[in-house]
Amino acid sequence: MSEYEAARAAGVRRTVIRSTAALIGMFAFAFALVPLYDVFCRITGLNGKVDTTAQAIIHEEVDQSRYITVQFITRGSAGLPWQMSVATRQMRVHPGQTAEVDFTFTNNSQQKSWGRAIPSVSPSSATNHLRKVSCFCFQEQLLQGDERLTIPLVFQLARDLPEEITTITLVYTLYPVHNMVLDASLNNNKIAGDKI
Amino acid sequence: MAPKLPPQHPLQHSTTAAADGQADHAHHASPKGIMRWLLTTNHKEIGSLYLIFSLIMFFIGGIFALVVRAELFQPGLQLIEPEFFNQMTTMHGLIMVFAAVMPAFTGLANWMIPLQIGAPDMALPRLNNFSFWLLPVAFTLLLSTLFMPGGGPNFGWTFYAPLSTTYAPPSTTFFILALHIAGVSSILGAINIVATILNMRAPGMRMMDMPLFVWTWLITAFLLIAVMPVLAGVITMMLMDINFGTSFFDAAGGGDPVLFQHLFWFFGHPEVYIMILPAFGIVSAIIPTFARKRLFGYASMVYATAAIALLSFLVWAHHMFVVGLPLAAELFFMYSTMLIAVPTGVKVFNWVTTLFRGSISFEPPMLFALAFVVLFTIGGFSGLMLAIAPADFQYHDTYFVVAHFHYVLVPGAIFAIMAGVYYWLPKWTGHYPHERLAQCHFWCSIVGVNLTFFPMHFAGLAGMPRRIPDYALQFADFNLVSSIGAFFFGISQLIFVLVIVLCVRGGRKAPAQAWEGAEDLEWSVPSPAPLHTFETPPVFHRSHHGD
Amino acid sequence: MRSLWQWLLPTCVIAGANQAQANGWNMPVGVTDISRDIYGLHMTIFWVCVAIGLLVFGVMFYSLFRYRHSKGAKAAEFHEHTSVEVLWTAIPVLILVGMAVPATATLKNMYDTSEADLDVMIIGQQWRWRYEYLGEDVAFNSNMSTPWEQIRGEAARGEHYLLEVDEPLVLPINRKIRFLMTSDDVIHSWWVPDLAVKQDTIPGFINENWVQINEPGIYRGQCAELCGVNHGFMPIVVHAVEEDEFEIWLAERKEAAEQEAMGVDREWELDELMARGEPVYRAICASCHQAEGQGAPPAFPALANNAQLIDDLDWHIDRIVNGVSGTAMPAFRSTLNPVEIAAVVTYTRNAWGGDTGDAVQPASIAEKIVQ
Amino acid sequence: MWSIIQSVLAALIGVQKDRKRQQDFASEKPLGFIVAAILVTLIFVLILILVANIAAG
C-alpha cells in the first residue's frame with residue numbers, strides 16, 4: 001500500500017467515525033426532541049397542555065378592571081363507561097382571583113375502572129397564565145362500580161394574562177387508563193380487549 | 001462499524017482495459033452469474049444495480065399511481081374499495097420516495113462520483129454492496145404487507161399518528177421494519193459517499209474544483225446523515241406506541257399527536273431537499289455542456305445549495321399551518337419558508353444566465369434538463385404560494401398541494417434523473433441512446449406530465465381535498481384529464497426502457513468525450529467506462545470551475 | 001405586431017382568470033372578510049409568480065432560440081457578474097417582504113377569536129361531524145346523506161353528490177362565531193372553502209377558529225385530512241341564515257330535543273323502535289358495519305348473525321354506549337339520545353334475520369347514562 | 001475573522017466574488033467557516049423569531 005493510499009484510508013476511517021458519531025447523536029436527538037418539545041410547550045404554551053403538577057397560589061392584587069370568561073367543557077371517550085360533568089359551564093373571573101369549580105365523575109358500570117382527564121386550553125397563549133392549584137387531572141382516578149365522585153378544580157388566572165384574551169376554554173377529555181395490573185383486577189370484564 | 005479498506009486491484013491503467021471490456025477482469029477469480037451481482041463491490045456494478053432497482057420500483061410505484069388514477073377517472077367507486085385506494089396512495093408515495101427517487105440518485109452517485117473525482121472506487125466498497133442489498137429486502141417486506149390480513153399501510157406516506165398507530169392495520173409493524181431497513185441503507189450509502197468525496201479526490205482537486213453533482217451529493221449526504229436517524233427515531237416511537245404501551249403520540253396517555261407531525265416534518269422537509277439537490281447537480285452539469293459555456297456562478301450555486309440545506313431545517317412546520325400553531329410560530333415558519341425561495345431563485349437565474357449567449361444544442365439530456373428548469377420553476381412558484389400562511393389555509397391538503405409536489409418531483413427530480421441517464425448512458429454503455437426514440441420519450445413525457453398534473457392545480461383551488469377515493473361532480477373534468485395524462489405518461493415510460501435496452505445492446509459508438517461541451521473528469525476515461533478506472537490517480541488540471 | 005401582443009396577452013390571461021372564477025377553476029372568493037383577504041393574497045402572489053415567470057422564461061426561450069449551436073452561435077466567456085447576482089437576490093427579497101406584510105395582517109386577523117357572539121364546538125369522528133352549540137343545549141351529528149347506490153353507480157348522481165348531509169350546520173350571518181374543534185379518534189380537518197376555514201381537529205386537544213358570514217347561503221366543504229377508509233365521505237354543509245331565522249331554528253331544535261327526551265319515559269313497541277332505529281343505523285352505523293350488518297372484518301365486525309351480540313344484550317348495549325377505545329367505535333353515550341340508542345340496539349338485534357324479539361326500552365338505556 | 005464572517009454572509013445570499021472565494025479556499029482550515037456558519041445561522045434564526053414575535057404583537 002502506497003503512502004498515498006494509506007493516507008486516504010486514514011481519512012476514510014476518520015470520516016466514518018465522525019459520521020457515525022453524528023448519526024448516533026441525531027438518533028439520540030430525535031428522542032431528546034420529545035422532552036424538549038414538552039419543555040418548549042410548557043414555556044410557550046404551544047399546544048394548550050397545562051402543567052400537570054399543582055402550582056401554589058400567588059397572592060397578588062386582583063385586577064378588578066377586567067373580567068375573563070372561563071368556559072368548561074367535559075368530554076368522554078370510547079372505552080370508559082364514565083360520565084363527567086361540571087357544576088357550571090362558564091364563569092367570569094378577574095385576573096388574580098382564585099376560583100373553584102366542581103367536577104363530578106360517575107361510573108355507570110358495575111365494575112371499578114381507572115380513568116384520567118386530559119386537559120387542553122384554548123387559546124394556547126392563555127396556557128401559561130392559568131395556574132391550577134388543585135386538579136383531578138394531575139393523576140389517574142379510580143372509581144368503584146356505580147361510584148360518583150365530586151372533585152373541585154381550584155385555579156387562578158395570572159394578572160399578566162394578555163389583554164386580548166377575553167375568553168378561555170378549558171376542555172377535559174376522559175380517557176380510560178389501560179394497565180395490565182388493573183386489567184387483571186377487572187377480570188369480570190370477560191370481553192376485555194375484544195373489538196367490535 | 002470498522003472502516004473497510006478498498007480491495008486492492010492489480011495496478012493496471014484504465015485505458016489498457018478499455019477495449020476488452022469486463023471479460024478481461026477475471027482476476028480475483030470473480031464469481032460468475034448471480035453470485036457476481038450479489039457479491040460485487042465495484043461501484044459501477046453497484047451503481048447499475050441501484051439504477052435497475054429504482055427503475056423497477058418506479059414502475060411498481062407507477063402502477064399503484066395508475067390504479068389510483070383509474071379509480072379517479074370518473075366519479076363513483078368503480079374499480080377498487082376505499083380501503084384499497086388508501087393503501088395504493090400510501091404505497092405509491094412510499095415506493096416513489098424511498099425506493100425510486102432516492103435509490104436512483106444513489107445509483108447515479110455510485111456510478112459517477114468516483115469517476116468525477118478521479119477515485120478508483122467508493123471509499124467503502126463492501127459496505128456499498130451491503131447498503132444496496134438492504135433495499136430489495138426492505139421493499140419486498142413493504143410490498144408483502146399488501147397481502148397481509150388487514151392490508152398494507154393505509155395512512156398516507158406521511159403516516160400521521162394516531163391513524164398510523166392506534167388505528168393502524170396489524171401490518172404496520174412490518175411497515176416500520178421495512179422503513180428502518182431502507183433508512184439504514186440510505187445512511188450507510190450517505191456515509192460512503194461522504195467518505196469518498198472527502199478523501200478520495202484526485203491529487204490536486206480541491207473542494208471548489210468538484211463538479212456540482214459531487215457538491216450537491218455531498219450536501220445531500222450530510223442531510224441524510226442528519227435526518228434519517230430522526231425518521232428512525234419517529235418510527236421507533238410509533239413501534240413502541242403500537243406494541244409496548246408507550247404513548248408518545250397518544251393523547252389518552254398524555255402524549256401529543258401533533259408531536260408526531262413536528263418530528264416527521266423535521267425529517268420530512270430536509271427529505272424533500274434530499275430528493276431535489278442531486279437533481280440540481282445533474283442539471284448544472286448538463287446545461288453548461290450543451291450550452292458550451294461555463295456554468296454561471298459556480299460558487300453561488302454551491303453556496304445556494306448549502307443555504308437551502310441549512311434553511312430546510314427551519315421550515316418544517318409550513319406543512320402544519322392548519323394544526324393550530326400559535327401565531328408567532330406561524331409567522332416564523334411563513335417568513336423562513338418565503339426566504340428559502342431566494343437561494344432557489346438564484347439557482348434558476350444561474351441556469352438561465354448560463355444559457356444566455358451560449359451555443360445551444362438540443363440533445364436528449366438537454367431537452368430533459370431544460371424541461372426541468374421550466375417545470376421545476378412552476379413547482380417552485382406554487383411552493384411560494386403555499387408559503388403564504390393565510391392562503392395555505394385554503395391550499396392545504398388539496399390537489400393544489402398534490403400538483404405542487406408532483407411538479408417538483410416528477411418533472412423535477414425524475415426528469416433530472418432521466419436527463420442524467422441520457423447524459424451518462426454513452427459513458428456506461430459506450431453507445432449513444434437512440435436519438436429519435438429519446439426525443440419521442442421526451443415529448444410524450446412532457447405532454448403526459450403536464451396533462452396529469454396541471455389540472456390538479458385547478459381541482460385543488462376549486463376545493464378537492466387530497467387522498468379521497470371519490471369526488472364531487474364539479475371535479476370530474478379535471479380528474480378525467482389527469483387520469484388520461486397519467487396513463488399516457490405511464491405508458492410512454494416504456495419508451496425509456498426501450499431506449500436503455502437498445503443502448504445497452506448497441507447503437508452509435510461513443511468516444512471518451514461523448515458530448516462536445518462536456519468537461520468533467522468522467523469524460524477522460526473511455527466509453528464504455530471499463531470496470532476499473534483511475535487505479536492510478538489522474539493528475540487533475542484546474543481547467544474549469546477554478547481559475 | 002409586437003405591441004399588439006403586448007396588449008393581447010395580458011388581456012387574454014386576465015379574461016381567462018375571470019372566466020376561471022366563474023367556472024370553478026379558481027379559489028372561491030368566499031363570503032367572509034377573511035376569505036376575501038385570502039383570495040386577494042392568492043391572486044397577488046399568483047400575478048407576482050406570473051410576472052417573474054414571464055421574465056425568466058422569456059429570457060430563457062429567447063436564449064434557446066437566439067443562441068442555437070445549429071445556427072453557428074459562439075459561446076461567450078463570462079461566468080459571473082457580482083452586481084447582477086446581488087440584484088437578483090435583492091429584488092426577490094423585496095418582493096417577499098412586500099408579500100409578507102399583508103399576509104401577516106391577514107393571519108393576525110384570522111387568529112383573533114375574541115368577542116365571539118356564539119360558540120360552536122365541532123367534533124370530528126370517524127366518519128361524521130358533530131356540532132354542539134355551547135350553552136344552547138343543541139347538539140347533533142351530521143352524516144353524509146348521499147346514498148351508497150349513487151356512489152356504486154346504481155342510481156343517478158344528484159347535483160350535490162358527496163357534498164350533502166342529513167343535518168347541516170346552521171349559522172347566523174353577520175355574527176362572529178367561534179369554533180372550538182376537537183376529535184374523538186384520529187385527526188380530521190374541517191374545511192369549507194367559502195368560509196376560508198380549515199382547521200385540524202385533534203384528539204385530546206382543542207383548536208380555535210372563527211367565522212363571520214356576510215351572505216346567507218349554503219356552503220359546502222369536506223374533511224381535508226386523511227382519517228381512514230371513509231375520509232372521502234364526510235362532507236360539511238353550512239347553512240347560513242338571517243339572524244332571526246337562526247333564532248327560530250334554534251328554538252325549534254330545542255323543542256324537538258325536549259320532545260325526544262319525553263319519549264324516554266314511555267313504553268315503546270317493537271315496530272316503533274325498529275322504524276326509529278333504521279334511519280339511525282343507516283346514518284351512523286352503516287358506513288362501517290355495512291347496510292346489511294355484514295361488516296368489513298377485521299376492522300369492522302359483522303353485526304348480522306354475531307353470536308356474542310345476540311347472546312349478550314348488556315354487552316351489546318355497552319359497546320354502543322361506551323365504545324371501544326383505540327378503534328373506530330366511538331362512545332355514543334353523549335352523542336345519541338337514549339331513544340336513538342334503544343332503537344338502534346333493537347334494530348340490530350332484529351334486522352337481518354336476528355329476530356331476537358328484544359324491544360330495548362329507552363328508559364333502560366337512560367339508566368345507564370345517568371348524569 | 002471579519003473576512004470569514006463576510007464570506008459566510010455572502011454564502012447566505014449565495015453571492016461571492018471569485019477572487020474572494022479563491023482567497024477563502026486558499027486556507028485549508030474549514031473549522032472557522034463552519035463555526036461562523038453555525039453562528040450566523042443561529043443569529044439568523046433568532047432574528048426571525050424576534051421579527052415573528054414583534055409581528056404577532
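Treat the numbers as computed from the prediction; the structure is a model and nothing was measured. Lettering follows sequence order; numbering is per chain, from 1.
Classified by interplanar angle (parallel below 30°, tilted 30° to 60°, perpendicular above 60°), the ring pair B/Tyr407/B/His457 is tilted. Ring geometry for B/Phe264 versus B/Phe260: interplanar angle under 30°, hence parallel rather than tilted (30 to 60°). Taking the six-membered ring where tryptophan is involved, the planes of B/Phe400 and C/His42 are perpendicular, since the angle between them exceeds 60° and thus also 30°.
Heavy-atom distances place the side chain of B/Gln261, and not its backbone, under 4.5 Å from chain C. For a residue to count as touching a neighbouring chain, one of its non-hydrogen atoms must lie under 4.5 Å from one of that chain's; by this rule B/Asp470 touches chain C with backbone and side chain alike. At a 4.5 Å heavy-atom cutoff, C/Glu77 makes no contact with chain B through either its backbone or its side chain. Residue C/Met60 touches chain B through both its backbone and its side chain, counting heavy-atom pairs closer than 4.5 Å. With a threshold of 4.5 angstrom between heavy atoms, C/Lys108 approaches chain B through its backbone and through its side chain. With a 4.5 Å cut-off on non-hydrogen atoms, C/Tyr161 touches chain B through its backbone and its side chain both. In this structure, chain B has a heavy atom under 4.5 Å from the side chain of C/Leu41, while its backbone stays farther away. Only the backbone of B/Ala161 comes within contact range of chain C, with at least one heavy atom under 4.5 Å from a heavy atom of that chain. In this structure, no portion of C/Ile95 lies under 4.5 Å from any heavy atom of chain B. With a threshold of 4.5 angstrom between heavy atoms, C/Ile151 approaches chain B through its backbone and through its side chain.
Comparing C/Trp148, C/Tyr111, C/Tyr62, C/Phe61 by heavy-atom pairs within less than 4.5 Å of chain B, the highest count is held by C/Tyr111. Put simply, of C/Gly40, C/Gly232, C/Ala75, the one with the most heavy-atom pairs under 4.5 Å next to chain B is C/Ala75. Ranking C/Val197, C/Val93, C/Leu162 against chain B, the residue ahead of the rest is C/Leu162, based on heavy-atom pairs under 4.5 Å. Interface remark: of the candidates C/Asp185, C/Val59, C/Leu163, C/Asp185 forms the most heavy-atom pairs closer than 4.5 Å to chain B. For the options C/Ser63, C/Cys227, C/Cys223, heavy-atom pairs under 4.5 Å to chain B are most numerous at C/Ser63. Listed options C/Ile187, C/Asn230, C/Ile34, C/Thr201 were ranked by heavy-atom pairs under 4.5 angstrom with chain B; first place goes to C/Ile187.
Cation-pi geometry between C/Arg68 and C/Phe65 is met: under 6.0 angstrom from the ring centre, within 45 degrees of the axis.
A donor-acceptor contact closer than 3.5 angstrom is absent between the side chains of B/Ser361 and C/His69. In the model, B/Tyr160 has no side-chain atom that pairs as donor or acceptor with a side-chain atom of C/Glu225 under 3.5 Å.
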Test log, rule side-chain hydrogen bond (donor to acceptor under 3.5 Å, both in side chains), inputs B/Arg467 and C/His231: CA-CA 8 Å; B/Arg467 294 166 166 168; C/His231 161 56; over 6 Å; no
Chi angles and distances behind the salt bridge (charged side-chain N to carboxylate O under 4.0 Å, His left out) call for C/Arg152, B/Glu81: CA-CA 10 Å; C/Arg152 302 268 169 220; B/Glu81 291 300 309; 3.1 Å; yes
CA sep, side-chain torsions, deciding dist, call: B/Phe356, C/Tyr67, ring-ring contact (aromatic ring centres under 6.0 Å, His included): CA-CA 7 Å; B/Phe356 184 69; C/Tyr67 305 113; 5.7 Å; yes
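Of the possible donor and acceptor atoms, one in the side chain of C/Ser35 sits under 3.5 Å from a partner among the backbone N and O of C/Val29.
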